Amino acid sequence: MKIGILGGGQLGRMLIQEALKYDDEFHTLDPNADCSCAHISHFTQGDFNQKEEVVKFGKDKDVVSIEIEHVSVEGLEVLEKQGVKVIPNSNIIKIIQQKILQKQFYEQNDIPSPAFQVILSKEEEIKIPFPFVQKLNTGGYDGKGVQVIKNESDLNKMWDEPSVLENLVDIDKELSIIIAKNESGEIKTFPVTEMIADPKLNLLDFNICPAQISEDVQNQIQIIAEKFMQAANSEGLFAIELFLDREGKIWVNETAPRLHNSGHQSQEGNANSQFEQFYRVLKNLPLANTLQHGFSGMLNLVGEANYTGKVTYEGIEDVLKLPNTYVHLYGKGDTKPGRKMGHINVLADSREELLEQLVAIKSMVRVISE
């Protein structure tokens, strides 16, 4: 099959790396000629936000998918009308890429998500109590386009753009579940993972599987996953990011209609990875076993503050001496502060051992420039 991917970042790269053991052609479209996928796929330099470029790229493909949701939905709609398979479908991508539509989707489908108000400009009357979260309607990712407004004096820093204002949840844990559905209607989920964020960068720091949660919380998540997949009405792979509040209730934060950072530890931590699963979705193959192997975790490698330029990884050789530790770099030549450059997966026999190793590795590695 000729498989087209809009976006040439690390998610596409790891999908292609996993799928190279099969016999398919992978084509990628990205504006950056030196992106992570450029040298391991049939690469086209172009703008995946431009309708005409998406149509031109996808018209001769058997299936077109995404590794970033900020793409031209109009282009995908044209491809669907021309008979090209688009996974996930253009409708659910359109809903997810706009925070306003996404929140309304949860409300309409009885999926628990924090109370919200939609505003088109910051001049509108604020009806939601302090503190609240402002999320820009479009374009936000990796902590960008999201800010907390704590009190009236913070109102002057609000963005003057269409946004969702959302109740601030008293978070006990941040969790994630990854769900896959193929064209035949088969659905499989990965075990729930627990996310620990870097408070400075607002980026995922550690990812831990399995999450330490009660049976009741697990059941709440399962009901949400089932409701979401029924309402989404699309094949694909979806990551649902969740908040567990201090009273034991689960809320949906947001959903990604694609491969996700919170599933990286599945590369070594599960019987099959999210990348293997997504490949099977694209081909409508039987979905893979997602059984976990003991305890697994992931540490993001991000560019250090004050370093910009050609990347060098300090301490990687020491990490490679450790048992049950696996390095994944993204093929990005240049680093900058906060840029995701790779990750390290760790396997362990207990949660305590896993956290110890992740903390130790974090202190060993620095992503700097030459």
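Computation of the quantities below employed the complete heavy-atom set of this structure, encompassing side-chain atoms and omitting hydrogens, waters and symmetry-equivalent molecules. Worth saying up front: this structure is predicted, and the values here are computed from it rather than measured.
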Heavy-atom closest pair, residues Ser262 and Met195: CB-SD, 3.7 Å

Answer yes or no: are there more than 12 heavy-atom neighbours, outside Lys122 itself, under 6.0 Å from its atom NZ? yes

Could you tell me whether Phe228 and Phe105 have their ring centroids closer than 6.0 angstrom? yes

Any chain of hydrophobic side-chain contacts (each under 4.5 Å) joining Val319 to Tyr313? yes

How about His70 and Phe48: are their ring centres within less than 6.0 Å of each other? no

So do Ser121 and Glu161 actually touch side chain to side chain, heavy atoms under 4.5 Å? no

Tightest non-hydrogen contact, residues Leu329 and Leu301, listed as CD2-CD1, 3.9 Å

Measure the CZ-CG distance between Phe243 and Asp172 for me, rounded to the nearest 0.5 Å. 12.5 Å

Does Lys283 qualify as a cation-pi partner of Tyr279, given the criterion of NZ or CZ under 6.0 Å from the six-membered ring centre and within 45 degrees of its axis? no

Where the side chain of Asn272 meets the backbone of Thr290, is there a donor-acceptor pair that is under 3.5 Å apart? no

If you apply the rule salt bridge (charged side-chain N to carboxylate O under 4.0 Å, His left out), what do you find for Glu183 with Lys85, and how did you get there? CA-CA 10 Å; Glu183 197 177 345; Lys85 193 73 190 170; 3.6 Å; yes

Using the side chain to side chain donor-acceptor pair (under 3.5 Å) rule, take Glu80 and Ser90 through it: C-alpha gap first, then chi angles, then the decisive distance, then the call. CA-CA 8 Å; Glu80 286 172 332; Ser90 62; 2.6 Å; yes

Considering residues, nucleotides and ligands other than Lys81, do more than 12 of their heavy atoms fall under 6.0 Å from its NZ? no

Quick check: are there more than 12 heavy atoms from other residues, nucleotides or ligands sitting under 6.0 Å from NZ of Lys249? yes

Would the distance check show the side chain of Gln220 and the main-chain N or O of Gly248 forming a donor-acceptor pair, the cut-off being under 3.5 Å? yes

On a heavy-atom basis, which atom in Cys209 and which in Gln265 lie closest, and how many Å separate them? CB-NE2, 3.9 Å

Asn324 side chain to Val346 backbone, donor-acceptor under 3.5 Å: no

For Lys127, does its backbone N or O pair with a side-chain atom of Gln117 as donor and acceptor, under 3.5 Å? yes

Side chain Asp30, main chain Asn32, donor-acceptor under 3.5 Å: yes

Report yes or no: does Arg258 contribute a side-chain atom to a donor-acceptor pair with the main-chain N or O of Ile68 at less than 3.5 Å? no

Whether the side chain of Arg280 engages the backbone of Leu285 through a donor-acceptor N/O pair (distance < 3.5 Å, no angle test) should be reported. no

Glu186 side chain to Leu287 backbone, donor-acceptor under 3.5 Å: yes

CG/Asp23: more than 12 non-hydrogen atoms of other groups inside 6.0 Å: no

Any side-chain to backbone donor/acceptor pair from Glu107 onto Lys103? Under 3.5 Å, distance only. no

Where do Ile5 and Glu67 come nearest, in terms of heavy atoms and distance? CG2-CG, 3.9 Å

Hey, quick one: are Val146 and Leu155 part of the same hydrophobic cluster, counting side-chain heavy atoms closer than 4.5 Å, chains of contacts allowed? no

Which atom of Thr335 lies closest to which atom of Ile368, heavy atoms considered: CG2-O, 3.7 Å

Aromatic plane relationship, His264 with His343 - under 30° parallel, 30 to 60° tilted, over 60° perpendicular: parallel

Side chains of Ile171 and Arg246: closer than 4.5 Å at any heavy-atom pair? no

Spell out, as yes or no, whether a donor-acceptor pair under 3.5 Å connects the side chain of Asp170 to the backbone of Asp245. no

Closest non-hydrogen atom pair between Lys340 and Asn261, with its separation: NZ-OD1, 3.0 Å

Taken to the nearest 0.5 Å, the spacing of Gln274 CD from Ile178 CD1 works out to 4.0 Å

